[in-house]
Structure formats: C-alpha cells, structure tokens
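To start, the structure under review is shown below, and the notes come after it.
Lettering of chains follows the sequences in order, A, B, ..., and the numbering in each one begins at 1.
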Amino acid sequence: MTFTIDFSADSAIVARQLIGAVLLVDGVGGRIVETEAYDREDPASHTFAGETARNATMFGPPGHVYVYRSYGIHWCLNFVCREAGHGAGVLIRAIEPLQGIDVMRERRGVVDERLLCSGPGRLCQALAITREHDGLGLNEPPFELIGAGERMRSVAGPRIGISKAIDVPWRFGLAGSRFLSRPFR
DNA sequence: CTTAGGATCGCCT
DNA sequence: GGCGATCCTAAGC
C-alpha cells in the first residue's frame with residue numbers, strides 16, 4: 001500500500017512529507033533524503049517577484065515538475081505545491097541512490113555513492129533531468145513517486161545557498177542519513 | 001578539515 | 001550589466 005502525497009498543501013508540509021519518498025526517473029533514482037520549501041511570500045523564492053517566463057511552471061498545477069538552470073551550469077528539480085496560480089514549490093536537494101546506481105555513476109563520472117545525488121545539481125545529472133522535464137506531471141512517465149509508507153524521522157534547519165530569509169527553517173532532512181548535501185547543525 | 005575562486009548563461013534591473 | 005535555490009578543484013591550516 002503506497003502513501004500518496006497531497007501537493008495542494010503548504011510547501012513546508014509537502015517538503016517534510018517527501019522525506020523518505022522514493023523518486024524514480026525512467027527507473028533510476030532512490031529515496032529523497034533532503035528537501036527545501038519555497039513559497040510565494042518568500043523573498044528567497046523564484047516566485048517572490050511574480051510570474052516570469054522562467055518560473056511559469058511554478059504557477060501551474062500542483063504535482064508537476066519545475067526545472068530551472070542554476071548558475072548557468074546545473075539543473076535543479078522542484079515539485080509544484082498549492083493551487084494553480086499560487087507559486088509555491090519544493091526543491092529536491094538530495095537522494096539516497098537505490099536503483100540504477102551504475103547508470104548514475106556513468107552520468108556523474110564518479111564512483112562514490114555518496115557523491116551521486118547529494119545536491120540539487122548532482123541529482124539532476126544522475127537522473128538525467130533537464131529543462132525538457134519542466135512542466136511534466138509526477139504521476140506520469142518518466143516519473144514515479146512512491147510516498148513513504150511509514151513516518152520517517154526528520155530534521156529541519158535553515159535553507160542553503162540563499163541570501164534572503166536565511167533564518168527560515170524550511171530545509172528538511174532524513175535524520176542520520178549519510179546522503180545529505182550537507183549535515184544539519 | 002575549511003575556504004576561495006572559476007565555470008557559465010538565462011533572467012531580471 | 002549583475003547575479004544566482006551549485007559544483008569542482010586547489011590550496012591552506
């Protein structure tokens with residue numbers, strides 16, 4: 001019996017619920033161990049200044065995927081939350097590799113499992129996520145999302161790599177995981 | 001172990 | 001023209 005995630009909830013609720021869920025893209029992926037929530041009235045969010053060409057997907061229906069380019073080099077994966085038009089989402093920051101590990105090693109060019117998906121840019125490279133996935137629904141191929149069957153013990157703290165709203169504790173992690181992008185304090 | 005700098009480009013001011 | 005929801009490498013302690 002699988003536990004489905006309600007993406008119409010607040011992004012912080014969804015971010016917490018996603019900890020322990022299994023994400024696969026074309027059968028490659030693993031357990032989500034780190035997320036961050038972003039919301040409309042949130043100076044750190046891409047949607048804070050309103051809808052633009054880049055963030056249009058964030059204002060679309062919940063349960064869809066928002067992919068953006070980071071620093072001109074990397075891709076970052078988000079799940080849209082709330083209702084269409086709101087502009088909230090969850091950044092997927094780290095995954096514990098479970099399926100297709102050798103494929104991920106090839107795509108990433110590293111052997112160490114802890115370096116495959118521990119970071120938003122890294123996991124997109126490992127799962128081969130690009131702008132082409134932007135706007136696709138999580139309930140249809142190539143995506144597969146299986147909610148955590150049990151309540152996972154999680155920790156929370158401030159988000160990483162932002163310069164605004166740096167004290168908001170909207171970063172969530174699986175307690176004790178070795179696959180976090182950075183440890184929690 | 002921590003820190004510093006460069007890569008690289010679409011979007012916003 | 002500036003600046004990231006980042007990552008990698010190299011150098012310093």
Side-chain angles (χ1 to χ4, degrees), chain A residues 7 10-19 21 23 25 29-30 32-60 62 64-82 86-97 104-135 138 154-174 177-185:
Chain A
F7 284 100
D10 284 347
S11 53
I13 300 292
V14 176
R16 164 64 188 80
Q17 270 188 38
L18 282 169
I19 298 300
L23 172 70
V25 181
I32 297 172
V33 297
E34 184 182 340
T35 59
E36 279 179 1
Y38 290 87
D39 206 351
R40 179 63 206 274
E41 304 298 320
D42 171 9
S45 175
H46 286 174
T47 57
F48 183 66
E51 184 171 345
T52 66
R54 173 177 70 157
N55 65 24
T57 300
M58 280 271 272
F59 288 91
H64 285 239
V65 161
Y66 165 53
V67 180
Y68 71 93
R69 212 199 251 289
S70 174
Y71 289 87
I73 304 169
H74 306 102
W75 300 104
C76 288
L77 172 69
N78 299 257
F79 297 162
V80 179
C81 297
R82 289 287 205 122
H86 182 88
V90 173
L91 170 70
I92 310 302
R93 284 198 57 92
I95 288 174
E96 173 184 342
M104 294 193 248
R105 285 198 173 110
E106 212 167 301
R107 289 169 176 165
R108 290 272 301 124
V110 297
V111 176
D112 188 349
E113 269 188 46
R114 296 176 63 170
L115 294 178
L116 292 181
C117 299
S118 296
R122 289 168 172 171
L123 74 88
C124 280
Q125 188 181 19
L127 304 198
I129 293 166
T130 69
R131 181 105 224 192
E132 293 180 17
H133 296 91
D134 184 55
L138 276 168
S154 64
V155 289
R159 295 171 290 183
I160 291 179
I162 56 174
S163 58
K164 298 163 188 165
I166 58 176
D167 292 327
V168 178
W170 278 356
R171 174 179 177 235
F172 301 89
L174 179 62
S177 173
R178 302 156 40 232
F179 297 91
L180 301 172
S181 68
R182 286 177 51 179
F184 284 77
R185 289 283 156 179

Return the value, rounded to whole Å, for the distance between atom [atom1] of [X] and atom [atom2] of [N].
| X | N | atom1 | atom2 | value |
| --- | --- | --- | --- | --- |
| A:Glu36 | C:dG4 | CD | C1' | 14 Å |
| A:Asp134 | B:dG10 | CG | P | 15 Å |
| A:Leu123 | C:dC7 | CG | C1' | 13 Å |
| A:Ile166 | C:dA5 | CD1 | P | 13 Å |
| A:Ile73 | C:dC3 | CD1 | P | 17 Å |
| A:Trp75 | B:dC9 | CH2 | P | 11 Å |
| A:Arg182 | C:dA5 | CZ | P | 15 Å |
| A:Tyr68 | B:dG10 | OH | P | 16 Å |

Closest nucleotide among [options] to the [X] side chain:
| X | options | answer |
| --- | --- | --- |
| A:His74 | C:dA5, C:dT6, B:dA7 | C:dT6 |
| A:Ser70 | C:dA5, B:dC11, C:dT6 | C:dT6 |
| A:Arg93 | C:dA5, B:dC11, C:dC8 | C:dA5 |

**OP:** Mind checking A:Ile162 for me? I need base, sugar-phosphate or nothing, with any heavy atom below 4.0 Å counting as a touch.
**Re:**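 Result for A:Ile162 = sugar-phosphate.
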
**OP:** Check every strand shown and say whether A:Arg171 touches a base, only sugar-phosphate, or nothing at a heavy-atom separation below 4.0 Å.
**Re:**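 Counting heavy atoms under 4.0 Å across all strands, no contact is made by A:Arg171.
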
Subject >> Qualifying residue, where the test is side-chain contact (heavy atoms from CB on, under 4.5 Å) with A:Cys76 and the options are A:Leu123, A:Leu91, A:Ile129 >> reply: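 The option that passes is A:Leu91.
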
Original post:
Does A:Glu96 use its side chain to pair, donor to acceptor, with the backbone of A:Val33 at less than 3.5 Å?
Top reply: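 Not a single qualifying donor-acceptor pair exists.
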
Original post:
Has the side chain of A:Arg122 got a donor or acceptor atom that lies under 3.5 Å from a matching backbone atom of A:Ser118?
Top reply: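 Looks like yes, one N/O pair under 3.5 Å.
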
**OP:** Quick one: look up who B:dT3 pairs with, Watson-Crick or G-U, both distances under 3.5 Å, and put none if it's unpaired.
**Re:**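 Paired with C:dA10.
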
Subject >> Complement of C:dA5, any strand, by Watson-Crick or G-U distances under 3.5 angstrom >> reply: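 For C:dA5, the partner nucleotide comes out as none, under the 3.5 Å rule.
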
Original post:
Just wondering, do A:Tyr66 and A:Asn55 contact through their side chains at under 4.5 Å, heavy atoms?
Top reply: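 Yes - at least one pair of side-chain heavy atoms lies under 4.5 Å apart.
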
**OP:** For A:Pro120 and for A:Ser163, locate the closest nucleotide of DNA chain C by heavy-atom distance; then report the residue assigned to the nucleotide nearer the 5' terminus.
**Re:**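 Going by which nucleotide is closer to the 5' end, it is A:Ser163.
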
Original post:
Want to settle it: does A:Gly161 or A:Leu115 sit nearer the 5' end of DNA chain C, counting the closest nucleotide to each?
Top reply: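 Nearest-nucleotide comparison on DNA chain C picks A:Gly161.
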
Original post:
Are A:Arg107 and A:Gln125 close enough that a side-chain donor and a side-chain acceptor fall under 3.5 Å?
Top reply: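 There is no such pair (donor and acceptor under 3.5 Å, judged by atom type) between the side chains of A:Arg107 and A:Gln125.
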
Original post:
Do any side-chain nitrogens or oxygens of A:Arg69 fall under 4.0 Å of OP1 or OP2 in B:dC11?
Top reply: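 No.
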
Subject >> Presence of A:Ser181 side-chain N/O under 4.0 Å of C:dT6 phosphate oxygens OP1/OP2 >> reply: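 So the side chain of A:Ser181 is outside the cut-off, no N or O lying under 4.0 Å from OP1 or OP2 of C:dT6.
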
Original post:
Starting at the 5' end of DNA chain B, which residue's closest nucleotide do you reach first, A:Tyr71 or A:Arg131?
Top reply: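 Final value for this comparison: A:Tyr71.
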
